[in-house]
Structures are given as C-alpha cells and as structure tokens.
There are 2 protein chains.
Amino acid sequence: MGRVKVQKMPTIRRLPTYLYRLNEMRKEGTSIVATPELARYMDIGEIVVRKDLSITGVTGQPGVGYKIDELIAAIREFLGWNVETKAVLVGAGSLGSALIGYDGFEEYGLSIIAAFDRDPAKAGTVMRGRPVIDMVELEGFVRNHKISMGILCVPAAVAQDICDIMVKSGIRSIWNFANVALKVPADVIVQREVIAGGLALLSVKRLRHFAETDDEEE
Amino acid sequence: MGRVKVQKMPTIRRLPTYLYRLNEMRKEGTSIVATPELARYMDIGEIVVRKDLSITGVTGQPGVGYKIDELIAAIREFLGWNVETKAVLVGAGSLGSALIGYDGFEEYGLSIIAAFDRDPAKAGTVMRGRPVIDMVELEGFVRNHKISMGILCVPAAVAQDICDIMVKSGIRSIWNFANVALKVPADVIVQREVIAGGLALLSVKRLRHFAETDDEEE
DNA sequence: CGGGTTTAGATATTTATGTATCTAAATCTT
DNA sequence: AAGATTTAGATACATAAATATCTAAACCCG
C-alpha cells in the first residue's frame with residue numbers, strides 16, 4: 001500500500017521551496033546563489049542546505065556558490081518534474097476546486113486534465129478551465145487519456161471506493177487529501193496529505209511558547 | 001521567527017488523524033479501541049501508535065485497549081483544541097476559499113471569523129458564511145475582535161507585508177500557506193505549509209518504484 | 001600579490017525518530 | 001480454573017536527520 005521506502009524525506013519536502021525561490025531569483029536576473037542566502041530564506045542551517053542540494057548531484061563552487069540554472073534543472077529532473085504528468089482530480093468540493101485553480105502545478109510538471117464529481121449538477125460545467133465530469137465516466141476517461149495520477153479530494157467515507165476505481169482504471173500514483181489510509185496494491189503509490197497536521201503543530205508550538213514565557217496576560 | 005523548538009513533530013502531526021478516526025468510531029458506537037486497529041488505519045507500527053498516544057498522558061488497559069472518550073478529550077486538550085481559537089484568513093483566492101469552507105476546523109477549535117482580500121470586488125461579499133472584508137480593515141478588525149491567529153493565503157510576493165500587518169495588529173500565531181519563510185518577532189509563531197512538498201514526495205516515490213521494478217513499459 | 005574571508009563538501013558527532021524485546025495485566029478458551 | 005492469547009508500557013536498540021568540525025578552493029581587499 002504505497003510501501004516504497006523513501007529516505008531523506010525532509011530534504012525532498014524542501015526541494016519545491018528551493019525550486020520556487022530559485023525560479024524567483026532567476027526572474028530577477030541572478031545567476032549564482034550561495035548557501036547562506038538560501039539558508040536564510042528557508043530558515044534552516046547552511047549545512048542542511050548543502051546536503052539538500054547535494055542530493056541532486058549538482059556541485060557548487062567553493063567561495064562562490066551554485067549556478068541557479070543548473071540547480072533548477074537538477075531539482076526538476078530529480079523530482080521527475082521535467083516531464084509532464086497527467087492527473088485527474090476527484091471531488092470538486094472546496095479543496096478540490098482550490099487545487100484545480102492552482103497555477104503553480106504547471107511548474108511542477110503536473111497537468112490536471114479534468115475534475116470528476118458525483119454531483120450531477122456539477123457535471124458538464126467548467127471549473128477554472130478544466131471540465132467537471134460525472135464520476136461514472138472516470139474509468140473510461142483515465143483509460144483513454146492514459147492518466148497516471150489521481151488527486152483524491154473526496155470525503156474520507158467514500159475515499160476507498162474512489163481509490164479502488166482509480167486503481168482499476170490504471171492510475172498508479174494517488175495524492176490523497178482524504179483523512180484515511182488507503183488500501184492499494186503494492187504497485188500503487190499513495191501520498192497522504194493531512195492539512196490539519198500543520199495546524200496541530202502550530203497549536204502545540206503556541207502552547208509551548210506560552211508555557212515558556214508565561215508572563216503574558218492580556 | 002517562530003523559533004519555538006517542538007519535539008515529537010511526527011507524533012503531533014499524526015494526532016489529528018487519530019482524532020478524526022476516534023470521533024468516527026465514537027459515532028459508530030464504539031467505546032474502546034486497541035492499538036492494532038489504529039495501527040492498521042494509520043498504516044504505521046503498533047509501537048508508534050502507543051508512543052504517540054502516550055504523549056497525551058492517557059493510559060490504556062493491557063489486554064483491552066484505550067477508552068475512546070478519554071483519548072479524544074486528551075488529544076484535544078493536548079493540542080489546545082478544547083478552547084476556541086479565533087482566526088482571520090487573508091487572501092480569499094482559491095486556496096483561501098477552500099480553507100474557509102472547510103467545516104472540519106470547528107472540530108479543531110478553530111473559528112475563521114472573517115476573510116480579508118485586497119480585491120475591492122470581493123470586499124463586502126459573503127463567502128461560505130464568512131464576510132469578506134477589505135484589507136484596510138484588517139488591523140482594526142483584529143484588534144477589536146482580539147483575534148490571535150492569522151491564516152495567510154496570499155501570493156508569496158506580498159506575504160511578508162501582510163504578515164507585518166498581522167503582527168502589528170496583535171496576531172501571535174500565523175499559519176502560512178505562502179511559499180516564503182516569514183520574518184517575525186520572537187514571540188510570534190509561524191507554521192509554514194508547503195503543499196507541493198507532498199507532491200515532491202509522491203514523485204520521488206514513483207521514480208524509486210519504477211527504478212526498483214523497471215519492467216513496466218506501457 | 002599575499003593574507004583574510006567566504007564558501008563547498010567531506011567526515012564525525014549529536015539528536016530525533018522509529019523499531020524490537022520483554023514483562024505484566026486483562027481477556028478468552030477449553 | 002488454568003493455560004493461551006491479546007495487549008499496554010517500559011527498556012533497549014537501530015536508523016534517520018540535523019548539527020558541528022575540518023579542509024581546500026575561489027574570491028576580495030589592500
């Protein structure tokens with residue numbers, strides 16, 4: 001069930017942020033970047049930055065830094081974002097429509113071709129340039145367009161059912177925003193996203209902070 | 001800049017998922033849960049589950065399991081989700097409106113009171129039950145309503161500016177969905193959410209998987 | 001052109017996280 | 001009722017990640 005072991009998870013999670021920043025710098029006309037600057041931007045240690053970047057195979061120049069163009073290309077290639085991935089999104093609710101509308105995915109090689117929803121009222125409409133199609137069409141669509149990735153934005157209660165359809169249709173990567181661990185065959189990769197996890201972290205940080213300072217009453 | 005050290009980050013990130021599942025089970029009428037069941041749901045080891053739960057101080061019964069009611073209460077208290085947190089959301093774009101519309105936050109003690117946007121066309125409208133207000137009103141609103149948390153859904157380029165306004169207005173926790181490390185005073189907590197990080201992980205998992213099996217051509 | 005400064009990258013260390021082993025308590029089975 | 005099974009929780013161990021230390025290369029400044 002998505003049991004591919006991946007090391008350096010924290011590093012990989014940070015790569016998109018490097019990529020974002022590097023693209024920004026390139027637009028500004030910069031061609032070289034040194035670790036300390038990136039470290040400040042990321043709010044992490046310099047050594048972490050160097051180790052992160054080294055995963056891509058790019059080598060910098062002591063006393064100088066890294067070539068931005070090289071870094072961008074290497075990160076994109078390391079992530080496989082230099083080739084287009086076609087995806088469908090299922091569940092055109094609030095989160096689903098937000099993801100459809102996010103332009104940044106193009107930069108990540110991700111093309112959301114279409115959205116699917118069970119609600120017949122939504123079917124046939126166009127959402128931010130992408131067609132919204134009735135769920136019953138999902139399997140045929142995925143097969144015809146050779147879609148390899150599915151983005152799951154349905155309520156947890158129905159997530160496994162939709163997941164099963166995706167798998168049956170040939171989808172091999174699932175980006176799962178439903179709050180369930182999906183059961184899938186061994187050759188299907190699942191990445192679960194729990195947005196509330198970040199909120200939990202923020203909450204605890206705040207509690208710890210108050211516990212440490214605990215002289216603030218207002 | 002949000003430099004509160006938090007240990008057991010992975011554990012804390014998992015707590016919302018436990019909470020979600022436990023609530024579900026309670027609705028189904030169950031009152032006791034044992035580790036193996038939760039471990040299967042989470043797709044992690046049993047020992048990890050026990051260690052996770054132990055952080056809340058709840059103690060289970062050998063041979064039996066944990067009382068679901070106790071667990072729910074303890075997790076909520078540990079996260080501070082038993083008391084309401086009032087928040088404003090800035091940036092009523094696609095992601096912002098998705099977050100506004102997410103009902104689950106009530107369960108997490110989070111009340112998004114209002115949304116703010118720079119676009120005058122949006123100001124004055126109501127979005128999923130919450131008023132959308134012009135950005136210029138932000139500071140006054142935060143002060144008047146004693147808002148303690150800000151949810152930042154604006155483009156990265158303007159994130160620091162909005163952040164500064166939030167801090168100046170008295171906000172002390174910022175949930176940051178913009179792809180920048182914000183600079184804030186030491187008493188302000190920031191949690192950055194990089195959605196693309198999960199996509200990066202999924203991409204790498206897929207590449208590794210193909211590399212391992214590498215007998216799949218289509 | 002020579003010494004100080006910046007910086008990448010290797011190695012070593014520390015810290016955090018996940019995993020295994022063991023013991024004792026409660027339940028189940030017969 | 002006695003032994004087998006399930007399970008929590010403690011302790012010990014292994015792995016992963018972050019941090020520190022060192023060396024050498026390029027640059028800057030005088």
Side-chain angles (χ1 to χ4, degrees), chain A residues 2-15 17-18 22 25 30-68 70-71 74-75 181 192 197 200-201 204-205 208, chain B residues 2-15 17-18 22 25 30-71 74-75 181 192 194 197 200-201 204-205 208:
Chain A
R3 49 187 91 49
V4 184
K5 289 275 184 231
V6 176
Q7 247 90 25
K8 315 246 184 197
M9 287 194 9
T11 292
I12 293 166
R13 277 192 174 280
R14 283 189 291 263
L15 289 181
T17 308
Y18 291 112
L22 292 169
M25 295 180 75
T30 321
S31 63
I32 303 275
V33 64
T35 306
E37 185 177 352
L38 285 174
R40 245 176 290 124
Y41 181 81
M42 307 284 294
D43 199 18
I44 57 180
E46 297 184 9
I47 302 167
V48 179
V49 173
R50 287 198 197 101
K51 286 211 167 173
D52 283 353
L53 299 183
S54 77
I55 203 179
T56 67
V58 166
T59 158
Q61 200 66 263
V64 185
Y66 299 86
K67 291 186 186 164
I68 289 181
E70 265 185 32
L71 270 184
I75 293 175
R192 187 175 1 166
L201 224 75
V204 170
K205 279 185 197 168
R208 301 269 163 95
Chain B
R3 49 187 94 47
V4 184
K5 289 273 183 226
V6 176
Q7 248 90 24
K8 314 243 185 200
M9 286 194 8
T11 292
I12 293 166
R13 277 192 175 279
R14 282 189 292 263
L15 288 180
T17 307
Y18 291 112
L22 292 167
M25 296 180 74
T30 321
S31 63
I32 303 276
V33 64
T35 305
E37 185 176 352
L38 286 174
R40 244 176 290 123
Y41 181 81
M42 307 285 293
D43 199 18
I44 56 179
E46 297 183 12
I47 302 168
V48 179
V49 173
R50 289 200 195 99
K51 284 207 168 172
D52 283 351
L53 299 182
S54 76
I55 203 179
T56 67
V58 166
T59 159
Q61 200 65 263
V64 184
Y66 299 86
K67 291 185 186 165
I68 289 180
D69 285 343
E70 266 185 31
L71 270 185
I75 292 174
R192 185 173 9 164
V194 183
L201 256 166
V204 171
K205 279 185 196 168
R208 302 268 163 99

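Below, chain A is the first sequence line, B the second, and so on; all start at residue 1. Hydrogens, waters and symmetry mates play no part in the numbers below; they use all other heavy atoms, side chains included.
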**Study point:** Nearest-0.5 Å distance that lies between atom CG in Leu22(B) and atom NZ in Lys67(B)
**Key:** 15.0 Å
Practice item. Could I get the full list of side chain to side chain contact (heavy atoms under 4.5 Å, CB included) partners for Thr30(B), not counting sequence neighbours? Key: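 Applying side chain to side chain contact (heavy atoms under 4.5 Å, CB included) to Thr30(B) gives Met25(B), Glu28(B), Ile68(B).
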**Study point:** side chain to side chain contact (heavy atoms under 4.5 Å, CB included) involving Arg192(B) - partner list, sequence neighbours excluded
**Key:**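 With neighbours one apart ignored, the set is Thr17(A), Asn176(B), Asn179(B), Ala181(B), Val194(B).
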Exercise for review: Report the C-alpha separation of Val204(A) and Leu15(B) in whole Å, then their side-chain angles, then the decisive distance to 0.1 Å, and conclude whether the side-chain contact (heavy atoms from CB on, under 4.5 Å) test is met.
Suggested key: CA-CA 11 Å; Val204(A) 170; Leu15(B) 288 180; 5.9 Å; no
Polar atom pairs (N or O), protein with nucleotides 28-30 of chain D, under 3.5 Å:
none

Distance in angstrom units between [X] [atom1] and [N] [atom2], rounded:
| X | N | atom1 | atom2 | value |
| --- | --- | --- | --- | --- |
| Tyr66(A) | dC27(D) | OH | P | 16 Å |
| Ile44(A) | dA18(D) | CD1 | P | 8 Å |
| Gln7(B) | dG18(C) | CD | P | 13 Å |
| Ile55(B) | dG18(C) | CD1 | C1' | 14 Å |
| Arg13(A) | dA18(D) | CZ | C1' | 17 Å |
| Met9(A) | dA18(D) | CE | C1' | 15 Å |
| Leu38(B) | dG9(D) | CG | P | 13 Å |
| Lys8(B) | dA17(D) | NZ | P | 18 Å |

Check nucleotides 20-30 of chain C for protein N or O atoms closer than 3.5 Å to its own N or O atoms and list the pairs.
| unit_1 | atom_1 | unit_2 | atom_2 | d |
| --- | --- | --- | --- | --- |
| dA26(C) | O4' | Pro62(B) | O | 3.3 |

Review point. Given dG9(D), is OP1 or OP2 found less than 4.0 Å from the side-chain N or O atoms of Ser54(B)?
Key: no
**Study point:** N/O (side chain, Thr35(A)) to phosphate O (OP1/OP2, dT7(C)) under 4.0 Å
**Key:**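 Negative; the distance criterion is not met.
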Review point. Counting side-chain heavy atoms from CB outward, which of dT7(D), dT17(C), dG9(C) is closest to Pro36(B)?
Key: dT7(D)
Point to revise | Pro10(B) side chain, from C-beta outward: closest of dA18(D), dG18(C), dA8(D) | key: dG18(C)
Give every pair of a protein N or O atom and an N or O atom of nucleotides 1-4 of chain C that lie under 3.5 Å apart, one pair per line with the distance.
none

Point to revise | Residues which pass salt bridge (Lys or Arg N to Asp or Glu O under 4.0 Å) with Arg50(A), listed by chain and number, not counting sequence neighbours | key: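 For Arg50(A), the residues satisfying salt bridge (Lys or Arg N to Asp or Glu O under 4.0 Å) (neighbours in sequence not counted) are Glu46(A).
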Exercise for review: With heavy atoms under 4.0 Å as the rule, sort Thr59(B) into base, sugar-phosphate or nothing.
Suggested key: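 Sugar-phosphate contact only - Thr59(B) comes under 4.0 Å of backbone atoms but never of a base.
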Check your understanding: With a 4.0 Å cut-off on heavy atoms, is Arg14(B) in touch with a base, just the backbone sugar-phosphate, or nothing at all?
Key ->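 Answer is sugar-phosphate: Arg14(B) comes under 4.0 Å of backbone atoms only.
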Tabulate below the donor-acceptor pairs under 3.5 Å that side-chain atoms of residues 52-62 of chain A make, not counting sequence neighbours, or state none.
| unit_1 | atom_1 | unit_2 | atom_2 | d |
| --- | --- | --- | --- | --- |
| Asp52(A) | OD1 | Thr11(A) | OG1 | 2.7 |
| Asp52(A) | OD1 | Arg14(A) | NH2 | 3.1 |
| Asp52(A) | OD2 | Arg14(A) | NE | 2.6 |
| Asp52(A) | OD2 | Arg14(A) | NH2 | 3.3 |
| Asp52(A) | OD2 | Tyr18(A) | OH | 2.6 |
| Ser54(A) | OG | Lys51(A) | O | 2.8 |
| Thr56(A) | OG1 | Leu53(A) | O | 2.7 |
| Thr56(A) | OG1 | Val58(A) | N | 3.3 |

Practice item. Could you tell me which non-hydrogen atom of Ile12(B) sits nearest to which non-hydrogen atom of Gln7(B), and how far apart they are? Key: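 Where Ile12(B) meets Gln7(B) most closely, the heavy atoms are CD1-O, 3.6 Å.
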